[in-house]
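Before any comments, here is the structure.
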Amino acid sequence: MNIPIWPGSSSFAIGQTPFGFYDDDLQFQQDADKFATFASRRLGYPIVDIELQDINFYAAFEEAVTTYGNELFAYQAAENFLSFQGASQTIAPANNNLPQPNLQLLFAFQMHMGLKQVWEET
């Protein structure tokens, strides 16, 4: 059986990822080959023959970018929860805007719980 060995370089082209989420993204196109080189070296290339091809590295890169984006989105959602809690049910004005985290609701809650004195004494 003739298993293809990683040749040591690659040239990304649109359509070489499984889902094509980022194929049109210029930054993804530039970094795909850099990632393939990085990952092959982490696996031991050129000392070890790597039985993967460029499309395997591109698939892993696409998955990594997607996973990172999901983690970042989840963090942003949790970080900005207090900014939206108690707001009107229509959040259309917040669409396409990056909310700035604030502690307004937390301070309002503390005032309600009688902790205003603690803030005034310090």
For D31, all residues meeting salt bridge (charged side-chain N to carboxylate O under 4.0 Å, His left out), sequence neighbours excluded: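 With sequence neighbours excluded, D31 shows a salt bridge (charged side-chain N to carboxylate O under 4.0 Å, His left out) to K34, given in chain and number order.
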Pairs involving residues 36-50, ordered by first then second residue, that meet side chain to side chain donor-acceptor pair (under 3.5 Å) (sequence neighbours left out):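 Those involving residues 36-50 are W6-S40.
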Residues forming a side-chain contact (heavy atoms from CB on, under 4.5 Å) with [X], sequence neighbours excluded:
X	answer
P46	none
F19	F21, E62
D33	S10, F12, Y58
N56	L52, Q53

Same apolar cluster (I L V M F W Y, side chains within < 4.5 Å links), I55/I5: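 Looking at the clustering, I5 is in a separate group from I55.
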CA sep, side-chain torsions, deciding dist, call: Y22, V65, side chain to side chain contact (heavy atoms under 4.5 Å, CB included): CA-CA 9 Å; Y22 313 106; V65 170; 3.7 Å; yes
CD/E63: more than 12 non-hydrogen atoms of other groups inside 6.0 Å: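 12 or below, so no.
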Heavy-atom neighbours of L26 CG exceed 12 at 6.0 Å: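 Above 12, so yes.
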Side chain proximity check, Q16 to D23, heavy atoms < 4.5 angstrom: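 Result no, sub-4.5 Å side-chain heavy-atom pair not found.
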Heavy-atom side-chain proximity of I14 to D24 below 4.5 angstrom: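 Side-chain contact under 4.5 Å: yes.
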Rounded distance (nearest 0.5 Å) linking atom CD of E51 with atom CG of L43: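 Reported value, rounded in 0.5 Å steps: 11.5 Å.
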OG1 on T66 to CD on E71, rounded to 0.5 Å: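 One gets 12.0 Å once the value is rounded to the nearest 0.5 Å.
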Which residues share a ring pair (Phe, Tyr, Trp, His ring centres under 6.0 Å) with F61, sequence neighbours left out: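 Residues passing ring pair (Phe, Tyr, Trp, His ring centres under 6.0 Å) with F61: F28, F35.
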Fellow cluster residues of L72, listed by chain then number, with links counted only when side-chain atoms sit under 4.5 Å apart: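 In the cluster with L72 are Y68.
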